[in-house]
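Excluded from the calculations below are hydrogen atoms, water molecules and symmetry mates; all remaining heavy atoms, backbone and side chain alike, are included. Heads up: numbering here begins at 1 and tracks the sequence. The model shown is predicted, which means the values in this text are computed figures rather than measured ones.
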Amino acid sequence: MPDFSEVEKTLASIQAGPQVIEVLRDLHTKALSEVPFVSTNGSTSDALEKFVALDPDKCALVYLLLRSTAARFVVEAGTSFGLSTIYLSLAVGQNGGGKVIATENEPTKALKARENWKAAGDDVEKWIELREGDLRETLKKDLPDQVDFLLLDIWTPLALPTLKLVHPRLRVGGLVVVDNNIAAASGYKDLMSYFEDSANGFKTTTAPYSGGLFIAVYLGKGAT
C-alpha cells in the first residue's frame, strides 16, 4: 500500500504557491498508485504509460539541494510526465532564474509533461526547455556554459552517455544525482566505474532512500 502521507511531508518541505502544490499532490498520488518500474537493461515499453517518477521524499531532497547550492542551470535526463521537473524548475526560479533542460524521447510523455507544467503555472513553466528525441543527440549542443546540477533518472544504458555529454560543462561544486542506484545496480556498473575513477574528479555517496539515491559532487579533474 502506498504511503500517501509522504506526499504531504514532501510538500511541506518546499516553498510553493497553492497552484503548484495542488498539481504536485495530484501527480504524486497518481504516481504512487502505480506499480513501481525500475529501469535496467531491458525493454522500456512497459514504462510508456507510467510516471517512472522520483519518490516524493527524493523530490524534496533534490529541491533542497538545488536551493542550498543556488543552482540555476540544470539538466534532467529522463523527464517522463514532468513531475520531478516541477521541483527542479521551482528551485531554479527561486534561485534567481536560469534554465532546466528537460529531455524526453517519447512524444506522448513529452506532451503530457507540457500539460502538467502549464497546469503548475508560470513559476514553473517559464524556466523549462524540453528537448524531445534521443538525448544522446539533443544534448550534444547548446548546453549552458556552466551546469550546476544533473539529474539522471533514465534507462540505465543512457546514463553514462548523458554524463559524458554534460561533464565538460559541470561546474566545480556541481552535483549529479542518480535514482535507484541500488535497485538498478546491474545496469549502472559502467556509470559507477566512471564515478569511481579519480581522474574524473568526483566524490560520491549513496543516500539511504528506497532503491538508493546516489549523489556525486564534482571537485574538478585532478582533484584527489
In Å, rounded to the nearest 0.5 Å, how long is the span from CD1 of I101 to CG of L88? 12.0 Å
Side chain to side chain contact (heavy atoms under 4.5 Å, CB included) for L151 and V74? Distances and angles first, verdict last. CA-CA 8 Å; L151 176 61; V74 175; 5.7 Å; no
Heavy-atom donor-acceptor pair, T10 side chain to P56 backbone, under 3.5 Å: yes
Has R72 got a side-chain atom pairing as donor or acceptor with G97's backbone, closer than 3.5 angstrom? yes
For the student: nearest non-hydrogen atoms of A113 and S80, plus distance: CB-O, 3.6 Å
Do any N or O atoms from the side chain of N105 and from the backbone of D134 form a donor-acceptor pair under 3.5 angstrom? yes
Any side-chain heavy-atom pair from N180 and I182 closer than 4.5 angstrom? no
If I compare all heavy atoms of A77 with all of L152, which pair ends up nearest, and what's the gap? CB-CD2, 3.7 Å
Candidate list Y209, F195, F202, test ring-ring contact (aromatic ring centres under 6.0 Å, His included), partner F214, passing option: F195
Measure the CG-CG distance between L160 and L165 for me, rounded to the nearest 0.5 Å. 9.5 Å
Between CG on residue D148 and NZ on residue K99, distance to nearest 0.5 Å: 13.0 Å
Taking C-beta and beyond as the side chain, do V177 and L213 meet within less than 4.5 Å on heavy atoms? yes
Is the positively charged end of K109 above the ring of F81, judged by distance under 6.0 angstrom from the centroid and angle within 45° of the axis? yes
Main-chain N/O of T85 paired with S89 side-chain donor or acceptor, under 3.5 Å: no
Donor-acceptor check, side chain of N116 to backbone of G82, threshold 3.5 angstrom: yes or no? no
Are any non-hydrogen side-chain atoms of D55 and E6 less than 4.5 angstrom apart? no
Reported CG-to-SG distance for the pair L24 and C59, which is rounded to 0.5 angstrom: 8.0 Å
Does atom CG (D190) have a neighbourhood of more than 12 heavy atoms from anything else shown, all under 6.0 Å? no
CA sep, side-chain torsions, deciding dist, call: T206, N181, side chain to side chain donor-acceptor pair (under 3.5 Å): CA-CA 8 Å; T206 294; N181 66 302; 3.0 Å; yes
Please identify each residue that fulfils side chain to side chain donor-acceptor pair (under 3.5 Å) with E137, with sequence neighbours left out. K140
Short N-O contact, R114 and E132, less than 4.0 angstrom: yes
Is the closest basic N to carboxylate O distance between K112 and E115 below 4.0 Å? yes
For A53 and D153, the nearest pair of non-hydrogen atoms, with its separation, is C-OD2, 4.2 Å
Out of curiosity, L170 CG to L163 CG, how far, rounded to the nearest 0.5 Å? 8.0 Å
If you compare all heavy atoms of K164 against all heavy atoms of P168, which two are closest, and at what distance to 0.1 Å? O-CD, 3.3 Å
Say you draw a straight line from OG of S210 to CG of D57; how long is it, rounded to the nearest 0.5 Å? 8.0 Å
Looking only at side-chain N and O atoms, does T79 offer a donor or acceptor that is under 3.5 Å from a partner on E76? yes
Among the clusters formed by ILVMFWY side chains lying less than 4.5 Å apart, do I86 and V7 turn up in the same one? yes
Tell me the closest heavy-atom pair linking I128 and A102, and the distance in Å. CG2-CB, 4.1 Å
Is it true that F73 and L130 fall in one hydrophobic cluster, defined by side-chain heavy atoms closer than 4.5 Å? no
Partner set under side chain to side chain donor-acceptor pair (under 3.5 Å) for T162, not counting sequence neighbours: none
Is the backbone of P144 close enough, under 3.5 Å, to the side chain of R169 for a donor and an acceptor to pair up by distance? yes
If the condition is side chain to side chain donor-acceptor pair (under 3.5 Å), which residues does R67 pass it with, not counting sequence neighbours? Q15, Y63, Q94, N95
With the 4.5 Å side-chain cut-off for hydrophobic clustering, are F4 and L83 part of the same group? yes
Carboxylate-amine/guanidinium contact E104 R131, below 4.0 Å: no
Check the orientation of Y87 and H28. Use parallel for under 30°, tilted for 30 to 60°, and perpendicular for over 60°. tilted
Do D179 and K58 meet the salt-bridge criterion of a basic N to acidic O distance under 4.0 Å? yes
Does D197 have more than 12 heavy atoms from other residues, nucleotides or ligands lying within 6.0 Å of its CG? yes
On a heavy-atom basis, which atom in A159 and which in L191 lie closest, and how many Å separate them? CB-CD2, 3.9 Å
Evaluate I154 against L135 for side chain to side chain contact (heavy atoms under 4.5 Å, CB included), listing each step before the verdict. CA-CA 10 Å; I154 197 167; L135 51 67; 3.1 Å; yes
Going through the checks in order, is the side chain to side chain contact (heavy atoms under 4.5 Å, CB included) test met by N200 and H167? CA-CA 9 Å; N200 291 324; H167 190 181; 4.0 Å; yes
Any chain of hydrophobic side-chain contacts (each under 4.5 Å) joining L111 to V124? no
Hey, is the main chain of G78 close enough, under 3.5 Å, to the side chain of T103 for a donor-acceptor pair? yes
Show, in sequence, the C-alpha distance, side-chain angles and deciding distance for F149 and V75, and conclude whether the side chain to side chain contact (heavy atoms under 4.5 Å, CB included) test is met. CA-CA 6 Å; F149 190 98; V75 177; over 6 Å; no
